Every structure is written in C-alpha cells, then in structure tokens.
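Below is one structure, written out as structure tokens; the observations come after it.
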Amino acid sequence: MFDWIQQIADWLVFDIFNLKEGNHLAEALNFFIYDSVKILLLVFIIIFFMGIVNSYFPVEKVRNYLSRKKLYGFEYLMSSLFGVVTPFCSCSSVPLFIGFVKGGIPLGVTFSFLITSPLVNEVAIGLFIGLFGVKTTVIYVVSGILLGTISGIILQKLKLEKYLTPWVQQVLEKSQKETEEFEATSFPFKDRLPSIWIDTKTILKGILPYVIIGIAIGGIMHGYIPEGFFEQYLSKDNWFAVPIATILAVPMYSNASGILPVVQVLVAKGIPLGTAIAFMMGVVGLSLPEAMLLKKVMTFKLIGIFFGVVTLCIIISGYIYNIIF
C-alpha cells in the first residue's frame, strides 16, 4: 500500500541527493522521508475521521451519562472507550480528569479514562497501523482498553477517595452537576465540517513537532545503530527486560506521536515488541509532568498507588505481548 512512498524516498535519496545505498546517512534519510510521509498521511486521515466521531460524541453528555447511570461495571469500559476517542496526551488528559471528578464520576472510572486516553487515540492508532500493521494495531488497541478498564476497577476496589486532596473534597461536597445542552442531531453534517477541519488542523499542528522529532531520532537510530545492539540487554531471554524498560520510561515524557517512531526502530534493532511497547506505555502513560499536574487533585500516596497499579498492568501487558509475538 505504501510502495509509492518508498519509491519517492528512494528517488530523492539515491537519485536527487546522489547518496549510495547502504550509506549510514542514506539509510537514515530514507527512513525519515518514508516514515514522515506515511505517518502524517495516516494520522491526517484518522484524525479527520475521529473528528467526525467526536462531533457526535460530546464530552458533557458522556460525563453526565456516566455520573447519572448505574452501568454495573460497564462504566469502566465505557470510560476507556471514551479515552480512545479523545486525542489527549497524559498531561492534557488531566484537566478533563479533574472535570470528571468534579462531576461526581467514581474515581476508578475517571482513572480508566486517564489511563487509556494517552495510550490509545486516533494519533496512536494511525501511527501503529503505519509502523506495525493492522493485526498488531488491533491487539494493541484492545489491550490498551483492557489496561484502562482493569486498572480502573482495581483502583476503585481500593477505595482511594480519602486520598484526594482537600481541595477536591470541598469541590465534591458543594458540587452541583453541570449540564450543557448539545443536541447532536440539530446540526447537519455539512455544518459540522468546518469545525472538524479546524480541529484536525489544530491537532496536526500540535503533534507535528513530536512526529518530526520522533521520526528524526528513529532515522538516526535506524541508520547508525547496528542491528542486535539492544538485544543483548533487552532480549526475550532476559525476564527483567520488561520491568526495566517500563521503569526507565517513567522519568521521560512524550506523546504517542513522538515515541512510536523510536519504538519502531527499537524493534528493528532486536528489542522484542512487548518490551518496546511496555517502554512506550511507560513514556506515554506514566510521566513526571503528569504526576505534578495530578498533585492538584491527589495526595502523593494516591499518585504512588495509581502509578504502581498502572506500572504493574503495563509490565503484565509487555509479557503477554512477548508471548503473542
């Protein structure tokens, strides 16, 4: 499907720039051109499509529905699915998370959203399809939704509301549910297109630097780091590779668009897919900037419990991925 992009990349690198095949710079540049065009094309298509979905999926309606209905456990799955259709990184998910808490939604349900939103969204899906194929993407999306759902259920069972900050406790005591009238059916599709287009451009503009930087790093690694370089440290035979990769990822921060091109190269250089994805999940879903933002609504103990549960689920996911692949 993407052969035409590869042909363009080959033509530019080998014919226009006159670089020799096998040269480190040629390999890095070829990777950069091919992946940039392919990823940006896929991301644009998927963001635009998800913009259509989001236009019929208003945040306030979902929040009010989750807070008012008893769904017998399905609210965790619904919250995770809601996280899939919201194009947020972990830090930009936090303000909406606070809105969920203020709206009276159970804490575990809000955690399900907070976990899934940065991991599985239209940008991540578009990148995954381009880098790893449809089959791997489907497994990743399903596992990401399950990760958010299961983590949310576990965190709810721990009854952690007492570890919310006094500010949140006061908000909850005095909170009155906010309602915002928005009837989706009152706006025909053609009237939605301008706002969908604006949202698409805004998201693309926001992620473009991350995509370019991530692909550039991936290109350098692809061209200059020999295959098997990482394998000796993070191979399937090393049972500690997955937790090490996950824990090392926590101090870092990026969104999916920035880290996935790097993950692609790590896999190409010999790191098992499960280990590489565990690293990516740690970078995207567990970060120090996110922890600082969460300090507004959580005590350090609650942040520690949240990170601990999610880290454990990511590590288990990494092992399962390594078994599958």
Side-chain angles (χ1 to χ4, degrees), residues 1-17 19 25-57 84-89 92 117-142 144 189-190 192-223 254-268 273 276-277 280 283-284:
M1 184 168 63
F2 300 109
D3 287 347
W4 62 275
I5 302 177
Q6 186 63 67
Q7 290 171 6
I8 292 173
D10 291 343
W11 173 70
L12 287 171
V13 172
F14 303 124
D15 295 337
I16 300 301
F17 299 132
L19 296 174
L25 178 60
E27 293 296 321
L29 190 59
N30 193 295
F31 176 92
F32 178 79
I33 294 171
Y34 172 75
D35 266 36
S36 295
V37 176
K38 179 179 69 172
I39 287 172
L40 289 174
L41 180 62
L42 280 168
V43 167
F44 169 78
I45 293 170
I46 292 176
I47 288 176
F48 187 79
F49 172 75
M50 292 307 297
I52 297 172
V53 173
N54 285 332
S55 73
Y56 291 91
F57 203 70
V84 173
V85 298
T86 50
F88 302 129
C89 63
S92 55
S117 181
L119 289 180
V120 186
N121 52 57
E122 56 261 47
V123 176
I125 292 170
L127 290 167
F128 246 92
I129 291 173
L131 299 177
F132 299 108
V134 175
K135 179 183 175 182
T136 303
T137 302
V138 170
I139 295 174
Y140 173 74
V141 170
V142 172
F189 177 69
K190 64 178 182 179
R192 298 172 186 269
L193 278 175
S195 62
I196 292 170
W197 176 245
I198 291 171
D199 288 343
T200 300
K201 290 194 296 183
T202 302
I203 294 170
L204 278 174
K205 185 178 179 181
I207 69 168
L208 186 61
Y210 294 99
V211 173
I212 298 301
I213 292 171
I215 295 173
I217 294 171
I220 293 169
M221 294 172 65
H222 181 81
S254 179
N255 56 22
S257 55
I259 199 65
L260 265 173
V262 178
V263 170
Q264 179 196 18
V265 176
L266 292 176
V267 172
L273 183 59
I277 290 178
M280 186 213 80
V283 171
V284 175

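As the structure is a computational prediction, the values presented were derived from the model and not from experiment. Numbering of residues begins at 1 and proceeds along the displayed sequence.
Once rounded to the nearest 0.5 Å, the distance linking OG1 of Thr137 with CG of Leu131 reads 8.5 Å. Within the model, atoms OH of Tyr140 and CG of Leu119 stand 4.5 Å from one another, a figure rounded to the nearest 0.5 Å. Atom-to-atom distance recorded for Leu266:CG and Leu273:CG is 11.0 Å, nearest 0.5 angstrom. Rounded to the nearest 0.5 Å, atoms CG (Leu260) and CZ (Phe132) are 6.0 Å apart.
By the 4.5 Å heavy-atom criterion applied to side chains, Trp11 and Ile33 are not counted as neighbours. Proximity of Phe48 to Leu193: side-chain heavy atoms (C-beta onward) are separated by under 4.5 Å at one or more points. Taking the side chain as every heavy atom from C-beta outward, Phe128 and Val141 never approach each other to under 4.5 Å. A heavy-atom distance below 4.5 Å is not found between the side chains of Ile220 and Phe32. Side-chain contact between Val37 and Ile8 is absent, with no heavy-atom pair separated by less than 4.5 Å. Counting only heavy atoms from C-beta outward, the side chains of Leu25 and Val13 never approach each other to under 4.5 Å.
Residues Asp10 and Gln6 have side chains that bring a donor and an acceptor to within less than 3.5 angstrom of each other.
Across all their heavy atoms, Gly219 and Ala28 have their closest contact at O-CB, 3.1 Å. In terms of heavy-atom proximity, Val120 sits nearest to Gly144 at CG2-CA, 3.8 Å. The shortest non-hydrogen separation linking Ala26 to Phe14 is CB-CE2, 4.1 Å. Nearest approach of Ala276 to Val267, heavy atoms of both residues: CB-CG2, 3.7 Å.
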